[in-house]
Amino acid sequence: MMPTTPDRAAAFRSLHGSRDGETFVLPNAWDAMSARIIEHAGARAIATTSAGVSWALGRPDGQSLTRTEMLAAVRRIVQTVQVPVTADVEGGYGAGTPDDVAETVREVVSAGAVGINLEDGPGRRGTPLLEPEEQQARIAAARGAGSEAGLFINARVDVYLRGVGVESGRFDETVRRARAYVAAGADGIFVPGVVDASTIGRLATALEVPLNIMARSGAPPVGELARLGVGRVSVGPAITLSVMRSIHQAAAELLSGGTYDALADGMSFAEANGLFATG
C-alpha cells in the first residue's frame with residue numbers, strides 16, 4: 001500500500017530525530033528514474049536537486065525553472081517512490097515574494113512532497129543575499145501555507161556558499177541568520193559550502209535545530225559528520241554530475257573509438273525494468 005502524505009510527513013520529520021550521534025543521508029534526485037534507483041539503493045527519503053532538474057530540462061541552474069516545471073518533476077518523483085520526498089524550491093519562484101513562496105508551498109504539498117529547501121539568495125538589489133527580515137517573511141509565509149500538512153522547512157543560509165563578507169565574520173553571520181529563520185518557522189538549517197570539520201561542529205552546537213550539510217569532495221565522511229552533530233547530509237547535484245560524466249564518457253568512447261568498455265558496468269535491462277514494474 002502506498003503511504004499517505006501525512007504518513008510520509010511524519011516519517012520524514014522523525015528521520016531528523018536525535019542529535020546524539022545520529023544523522024541521515026538524503027541523496028538528491030532529478031527525475032523519476034534517478035529517484036527510484038536511489039530508493040532501491042536504500043534511501044529512507046529523497047531530496048530533489050534544482051540543478052539536476054534544470055539540466056534535465058535543458059536549462060542552467062540558478063532559478064531558471066518555473067514553478068510549473070519544478071512541480072511537474074516533484075509530482076512525478078512522488079508518484080514513483082514510496083519514501084518521503086522534499087523539494088528544492090530555490091527562491092520560491094515567481095518574484096520570490098512571501099505570497100509567491102506560499103503559493104509554491106501549497107502546490108508542493110498538493111504534489112505530495114513533505115518538505116522544502118528555501119534559499120536566502122540572491123538579494124533583490126544585486127546583493128548576494130536577501131536581508132534576514134525579508135527571508136523571515138518568506139519563511140513565515142511558507143510555515144503558514146504548510147503547517148497543516150506538517151511540511152518540514154529547511155532554510156538555506158548561503159553565507160559560505162556565496163562567500164559573503166570577510167571570512168572571519170561568516171560564522172557569526174550564518175548563526176545570526178539561522179536563528180532568525182528558526183524564529184520565523186524553519187525546522188532545520190542548511191549551510192552549503194562548508195567542509196571544515198571544526199566550523200561544522202561549531203555550527204551544529206550553535207543551532208537548536210537539525211543542521212544540514214552538503215557533502216562534497218573535501219568534506220568529512222558521514223560518520224564524522226554525525227559525531228560533529230550534523231542532523232542531515234545531502235549531496236546537491238553531485239550524483240547528477242556523476243551520471244552526466246558517465247554518459248559523456250560512454251558516448252565519447254563509442255563515437256571516437258567504436259568500442260563499448262564504458263557500457264560494461266551498466267545495470268542489466270531486466271533489473272532496470274524491474275524497478276518500475278507495477279502490480
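Fair warning: this is a prediction, and the values are worked out from it, not measured in the lab. As a basis for the values below, the full set of heavy atoms in this structure was taken, side chains included, without hydrogen atoms, waters or symmetry mates.
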Checklist entry - For Arg162 and Pro128, which heavy atoms make the closest approach, and how far apart are they? => result CD-O, 3.3 Å

Next on the checklist: Among Ser50, Pro122, Ser54, which residue satisfies the side chain to side chain contact (heavy atoms under 4.5 Å, CB included) criterion with Gln63?
Outcome noted: Pro122

Checklist entry - Does Ala95 offer a backbone N or O that forms a donor-acceptor pair with the side chain of Asp100 under 3.5 Å? => result yes

Item to check | Contact summary for Pro98 and Ala141, nearest pair of heavy atoms | outcome: O-CB, 3.3 Å

Checklist entry - Mind checking whether Ile77 and Leu57 sit in one hydrophobic cluster, side chains of I, L, V, M, F, W, Y counted as touching below 4.5 Å? => result yes

Checklist entry - Would Arg202 count as a cation-pi partner of Phe171, with NZ or CZ less than 6.0 Å from the six-membered ring centre and within 45° of the ring normal? => result yes

Checklist entry - Got a donor-acceptor contact below 3.5 angstrom from the Arg232 side chain to the Pro210 backbone? => result no

Item to check | side chain to side chain contact (heavy atoms under 4.5 Å, CB included) evaluation trace for Glu253 with Leu263 | outcome: CA-CA 10 Å; Glu253 180 193 352; Leu263 304 178; over 6 Å; no

Checklist entry - Roughly how far, to the nearest 0.5 Å, is CG of Leu15 from CZ of Phe24? => result 5.0 Å

Item to check | Pairwise distance CG(Asp88) to CD(Glu119) - rounded to 0.5 angstrom | outcome: 6.0 Å

Item to check | Donor on one side chain, acceptor on other, Arg138 and Gln135, under 3.5 Å | outcome: yes

Next on the checklist: Under 4.5 Å between side-chain heavy atoms, counting indirect links through other Ile/Leu/Val/Met/Phe/Trp/Tyr residues: same cluster for Leu228 and Val195 or not?
Outcome noted: no

Checklist entry - Near Arg124 CZ, under 6.0 Å, is it more than 12 heavy atoms from other residues, nucleotides or ligands? => result yes

Item to check | Electrostatic pair Arg177:Asp120 at N-O distance under 4.0 angstrom | outcome: yes

Next on the checklist: Tell me the closest heavy-atom pair linking Pro27 and Ile38, and the distance in Å.
Outcome noted: CB-CG2, 3.6 Å

Checklist entry - Can you tell me how far the CZ atom of Arg75 sits from the OG1 atom of Thr68, to the nearest 0.5 Å? => result 9.0 Å

Item to check | Note, Val81 side chain near Ile46 side chain (heavy atom, < 4.5 Å) | outcome: yes

Checklist entry - Can any side-chain N or O of Thr23 pair as donor or acceptor with the backbone N or O of Val230 at less than 3.5 Å? => result yes

Next on the checklist: Atom CZ of residue position Phe276 - does it have more than 12 heavy atoms of other residues, nucleotides or ligands inside 6.0 Å?
Outcome noted: yes

Checklist entry - Does the distance from a Lys or Arg side-chain N to an Asp or Glu carboxylate O, for Arg13 and Asp187, drop under 4.0 Å? => result yes

Checklist entry - Side-chain donor-acceptor pair under 3.5 Å between Thr66 and Glu69, yes or no? => result yes

Item to check | For Ala102 against Ala145, the heavy-atom pair lying closest together | outcome: O-CB, 3.6 Å

Item to check | side chain to side chain contact (heavy atoms under 4.5 Å, CB included) between Val157 and Phe190, worked out | outcome: CA-CA 6 Å; Val157 183; Phe190 181 23; over 6 Å; no

Next on the checklist: Evaluate Val243 against Trp30 for side chain to side chain contact (heavy atoms under 4.5 Å, CB included), listing each step before the verdict.
Outcome noted: CA-CA 11 Å; Val243 170; Trp30 59 95; 3.8 Å; yes

Checklist outcome for this item: In this structure, CD1 of Ile213 is separated from CD1 of Ile200 (nearest 0.5 Å) by 4.5 Å

Checklist entry - Cut-off 3.5 Å, side chains only: do Thr49 and Asn28 have a donor facing an acceptor? => result no

Checklist entry - If you measure from CG on Leu211 to OG1 on Thr205, what distance do you get to the nearest 0.5 Å? => result 9.5 Å

Next on the checklist: Between Arg170 and Val164 (side chain of the first, backbone of the second, donor and acceptor by atom type, cut-off under 3.5 Å), is there such a pair?
Outcome noted: yes

Checklist entry - So Phe152 and His16, would you call those rings parallel, tilted or perpendicular, with 30° and 60° as cut-offs? => result parallel

Next on the checklist: Can you confirm whether more than 12 heavy atoms, excluding those of Glu133, are under 6.0 Å from its CD atom?
Outcome noted: yes

Item to check | Heavy-atom closest pair, residues Ala113 and Leu151 | outcome: O-CD1, 4.4 Å

Checklist entry - Would you say the side chains of Asn154 and Thr86 form a donor-acceptor pair under 3.5 Å? => result no

Next on the checklist: Counting C-beta onward and ignoring hydrogens, is there a side-chain heavy-atom pair between Val191 and Ile189 closer than 4.5 Å?
Outcome noted: yes

Item to check | Distance, nearest 0.5 Å, that separates CD of Glu90 from CE of Met70 | outcome: 8.0 Å

Item to check | Nearest heavy-atom neighbours spanning Asn212 and Ser234 | outcome: ND2-OG, 3.3 Å

Item to check | Same cluster (ILVMFWY, side-chain, under 4.5 Å), Val83 and Val108 | outcome: yes

Next on the checklist: Please check this pair: side chain of Ser34 against backbone of Asp31, looking for a donor-acceptor N/O pair closer than 3.5 Å.
Outcome noted: yes

Checklist entry - With a 4.5 Å heavy-atom cut-off, do Val109 and Glu148 have their side chains touching? => result no

Checklist entry - Does the side chain of Thr80 pick up a donor-acceptor pair with the side chain of Arg36 at under 3.5 Å? => result no

Next on the checklist: Keeping Ser110 on the side-chain end and Arg106 on the backbone end, is there a donor-acceptor pair under 3.5 Å?
Outcome noted: no

Next on the checklist: Determine whether Arg143 and Ile153 satisfy the following criterion, side chain to side chain contact (heavy atoms under 4.5 Å, CB included), listing intermediate values before the conclusion.
Outcome noted: CA-CA 7 Å; Arg143 179 79 285 148; Ile153 300 174; 3.5 Å; yes

Next on the checklist: Could you tell me if the side chain of Leu118 sits less than 4.5 Å from the side chain of Ile139, heavy atoms only?
Outcome noted: yes

Checklist entry - Salt-bridged, Arg67 to Glu107, with N to O below 4.0 Å? => result no

Next on the checklist: Determine whether a donor-acceptor pair (N or O, by modelled atom type, separation under 3.5 Å) exists between the side chain of Thr127 and the backbone of Leu129.
Outcome noted: yes

Checklist entry - Is there a path from Met214 to Ile116 through hydrophobic residues (I, L, V, M, F, W, Y) whose side chains come within less than 4.5 Å of each other? => result no

Checklist entry - Side-chain heavy atoms under 4.5 angstrom apart, residues restricted to Ile, Leu, Val, Met, Phe, Trp, Tyr: same cluster for Ile239 and Met244? => result no

